[in-house]
2 protein chains.
Amino acid sequence: MARQPARSVGGRRRASHSMESVLGEAVALLDEAGAPALTFRALAQRLGGGVASIYWYVANKDELLDLATDHVMGGVLADIEKLPPGEDAIDDRRAMALTLFDAVVRRPWLGAYFMRNTDVQSNSLRIYEMLGRQTLRLDLSARQRFHAVSAVIGVVVGSAVDMGQEPPQEILDGAVGRDEFLGRFAQAWRELAPDEFPFVHEIVDEFDGHDDVDQFRSALDLTLAGLRLQAGL
Amino acid sequence: MARQPARSVGGRRRASHSMESVLGEAVALLDEAGAPALTFRALAQRLGGGVASIYWYVANKDELLDLATDHVMGGVLADIEKLPPGEDAIDDRRAMALTLFDAVVRRPWLGAYFMRNTDVQSNSLRIYEMLGRQTLRLDLSARQRFHAVSAVIGVVVGSAVDMGQEPPQEILDGAVGRDEFLGRFAQAWRELAPDEFPFVHEIVDEFDGHDDVDQFRSALDLTLAGLRLQAGL
DNA sequence: CGGTACGATAGAACAACGTTCGATACGATG
DNA sequence: CATCGTATCGAACGTTGTTCTATCGTACCG
């Protein structure tokens, strides 16, 4: 696997890829300009080859996305495994979830594809296992354990999807910063009728300029507090 | 608005639409065959008109999705407003979230578009307001209130996305039931090495044939239990 | 050494999609 | 009756995922 034949010297070069390079360039494209930037033609150009060649490595675009996702999840899994085990199972889960979320925040496109197909995404399944293994240290039923992990994944994915939606593109160009983008929304909210939207007015200042990681950590801690209660700790 | 001009009798009929009918047929298309089934051409055919006519009502496909989402969210909002107010603010939030989730489970495509653009999705904003208003009855800081609502929305969206991913299509055709689909995954999990995946083996029986709503309710209750703790109840 | 099988690459074509353009019909207004 | 804004539509454009078919290069085998 991953054999690298010598390129022919004369005439038109024939590109020679490898699973590693295909996935690597795919991830690079996704990182640089988001999901819509990953097209077979753009990817082929980066690889210096033809469009159809990519189909030798992946069956279709869905599989490409799944494999690219799993590719970066390999790194995340390594980070999670590096985490020092502590005394408290729930604190360990918290650290894992934060590591996972950190990766998703850095790569907003991950949110949509993560955990979609554990058949192909074997690293995602391993992360699922790592998250769940901590619950074995708690006094819970199997069903409660199952739900506990689903809940944490739900919080990660939910927050990620909420935050990962592309600002119409202007923020990616750098033409307008994230703060300004948030401020615009906040301003629109401030102009709503106060008697019709008392809650929106209550929290608009918190929304304006808020930190995504703070928001996620709060949601996660609520879930973990509930779990701690359930485990009788 | 929504004027209905008479159709010409002779020659080729000219279709006459309305915002209501466009959104209605769009939702019907989404319900029947999922997000990929909603194309401008399919929609035009259902409306008995031309493709370009739709662009008189919506600027582009994103706006069509947003408006279609908000269209059904109108119904959800009505359901939520019909909910009888109880004594406990958190119980009321729970009922609202369940109503919301119920709608998303019935329409899996909702998960991906819900709450994407509160500019266009005014009903979604109103649901956000309704969910948040309950927190005003609790002893919390503005930031805590903000995070409390984000957390609940995160749980809803996270669970919805997790459950909303299309089974390769065979389940939509009805060729293979949901139980069998789950069972296939469960079987693959059972064949994993038990020492490498102890947690997966622990919960595979729970996963097999599990109920989505149960799973969501558990996640929601964990979050709400945490919130109750935070509010000092 | 020549032939053959197979791993790997690639150009061209296809169907489907979102979107735009220009023309055209229709009712109301003057 | 002319005019204007509303509403409609067929045809075309560019881009996308995907398939077809032909080819190259290397390893193997008689």
Side-chain angles (χ1 to χ4, degrees), chain A residues 1-23 25-26 29-30 33-68 109 112-113 120 166 168-169, chain B residues 1-23 25-26 29-30 33-68 109 112-113 120 166 168-169:
Chain A
M1 190 188 280
R3 189 171 42 82
Q4 299 282 1
R7 293 160 185 262
S8 63
V9 258
R12 275 187 200 76
R13 294 263 181 90
R14 282 173 75 86
S16 89
H17 316 301
S18 73
M19 198 70 205
E20 192 71 20
S21 67
V22 169
L23 262 32
E25 293 299 324
L29 264 156
L30 288 165
L38 178 59
T39 69
F40 277 77
R41 285 170 177 85
L43 182 55
Q45 192 165 16
R46 270 183 97 109
L47 291 165
V51 203
S53 305
I54 306 171
Y55 281 88
W56 194 88
Y57 295 92
V58 299
N60 50 45
K61 188 165 186 184
D62 267 348
E63 192 177 297
L64 175 61
L65 259 329
D66 279 334
L67 287 174
W109 55 271
Y113 304 105
V120 181
E166 324 245 349
Q169 175 166 13
Chain B
M1 190 186 279
R3 191 169 37 84
Q4 299 281 3
R7 292 161 187 260
S8 62
V9 258
R12 277 187 198 77
R13 294 264 180 90
R14 284 174 73 87
S16 87
H17 314 154
S18 72
M19 197 73 205
E20 193 72 18
S21 67
V22 169
L23 262 31
E25 293 300 324
L29 230 39
L30 288 165
L38 177 59
T39 69
F40 277 79
R41 285 171 175 85
L43 183 54
Q45 192 165 15
R46 271 184 95 109
L47 290 165
V51 205
S53 305
I54 306 171
Y55 281 90
W56 195 88
Y57 294 93
V58 300
N60 49 45
K61 190 166 185 183
D62 267 348
E63 192 178 297
L64 175 62
L65 260 328
D66 279 334
L67 288 174
W109 54 271
Y113 304 106
V120 181
E166 323 247 348
Q169 176 166 14

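Each chain gets a letter, A, B and so on, in the order the sequences are listed, and its residues count up from 1. Keep in mind that this is a model prediction, so the values were computed, not measured.
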J.: Which atom pair, heavy atoms only, marks the closest approach of A/Ala37 to A/Ala33?
T.: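 Minimum heavy-atom contact is CB-CB, 3.5 Å.
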
J.: Establish whether the base of D/dG25 is bridged to the side chain of A/Arg14 by a donor-acceptor pair shorter than 3.5 Å.
T.: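 Per atom types, no contact qualifies.
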
J.: Write down the distance between CZ (A/Phe40) and C1' (C/dA12), rounded to a whole number of angstrom.
T.: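 That distance rounds to 17 Å.
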
J.: As an exercise, state the distance from NE2 of B/His17 to OG of B/Ser53, rounded to the nearest 0.5 Å.
T.: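 Going from NE2 on B/His17 over to OG on B/Ser53, the span is 5.5 Å.
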
J.: Nearest to the side chain of B/Ala15, heavy atoms from C-beta on, is which of D/dT8, D/dG10, C/dG18?
T.: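 The closest nucleotide is D/dT8.
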
J.: Could you state the interatomic distance from CD (B/Glu20) to CD (B/Glu25), rounded to the nearest 0.5 Å?
T.: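 Between B/Glu20 CD and B/Glu25 CD, I get 11.0 Å after rounding to 0.5 Å.
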
J.: Which whole-number value in Å describes the distance from A/Gln45 CD to D/dT16 P?
T.: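 In whole Å, D/dT16 P and A/Gln45 CD are 11 Å from each other.
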
J.: May I ask you to say what B/Ile54 touches in the nucleic acid, namely base, sugar-phosphate or nothing, with a heavy-atom cut-off under 4.0 Å?
T.: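 Here B/Ile54 touches no strand at all.
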
J.: Rounding to a whole Å, what distance do you find between A/Arg41:CZ and C/dA13:C1'?
T.: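 Rounded to whole Å, this separation is 10 Å.
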
J.: Measure from OH on B/Tyr55 to C1' on C/dG22 and round the result to the nearest Å.
T.: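 After rounding, the gap between these two atoms is 16 Å.
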
J.: Taking C-beta and beyond as the side chain, do B/Leu43 and B/Leu64 meet within less than 4.5 Å on heavy atoms?
T.: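 Yes, close enough: below the 4.5 Å cut-off.
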
J.: Roughly, in whole Å, what's the span from CG in A/Leu64 to C1' in D/dT16?
T.: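 Value for this atom pair: 14 Å.
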
J.: Considering only heavy atoms from C-beta outward, does the side chain of A/Leu38 approach that of A/Leu65 to under 4.5 Å?
T.: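 In contact.
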
J.: A side-chain contact here means heavy atoms from C-beta on lying under 4.5 Å apart; do A/Leu67 and A/Met19 qualify?
T.: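 Yes - at least one pair of side-chain heavy atoms lies under 4.5 Å apart.
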
J.: Measure the CZ-CG distance between B/Arg46 and B/Leu29 for me, rounded to the nearest 0.5 Å.
T.: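 If I round to the nearest 0.5 Å, the distance is 5.0 Å.
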
J.: Is there a side-chain polar atom (N or O) of B/His17 under 4.0 Å from OP1 or OP2 of D/dC9?
T.: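 Answer is yes, contact under 4.0 Å.
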
J.: With a 4.0 Å heavy-atom cut-off, tell me which residues in residues 56-63 of chain A come close to DNA chain C, sorted by residue number.
T.: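 Of all residues in residues 56-63 of chain A, the ones placing a heavy atom under 4.0 Å from DNA chain C are A/Trp56, A/Tyr57.
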
J.: How long is the straight-line distance from NZ of B/Lys61 back to OH of B/Tyr55, given to the nearest 0.5 Å?
T.: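 Taking OH in B/Tyr55 and NZ in B/Lys61, the distance rounds to 9.0 Å.
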
J.: When rounded to the nearest 0.5 angstrom, what is the spacing between CD1 in A/Ile54 and CZ in A/Arg41?
T.: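 It is 10.0 Å, given to the nearest 0.5 Å.
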
J.: Through what angle, rounded to 10 degrees, does the axis of the helix from C/dC1-D/dG30 to C/dG30-D/dC1 turn between its ends, using five pairs per end?
T.: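 The two end axes of the helix from C/dC1-D/dG30 to C/dG30-D/dC1 meet at 30°.
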
J.: Identify whether any heavy atom of B/Ser53 sits under 4.0 Å from a base atom; if not, whether one sits that close to sugar-phosphate; answer base, sugar-phosphate or nothing.
T.: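 Contact class for B/Ser53: base.
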
J.: Taking the minimum atom-to-atom distance to the side chain of B/Ser16, which one of D/dT8, D/dT18, D/dT16 wins?
T.: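 Shortest atom-to-atom distance from the side chain points to D/dT8.
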
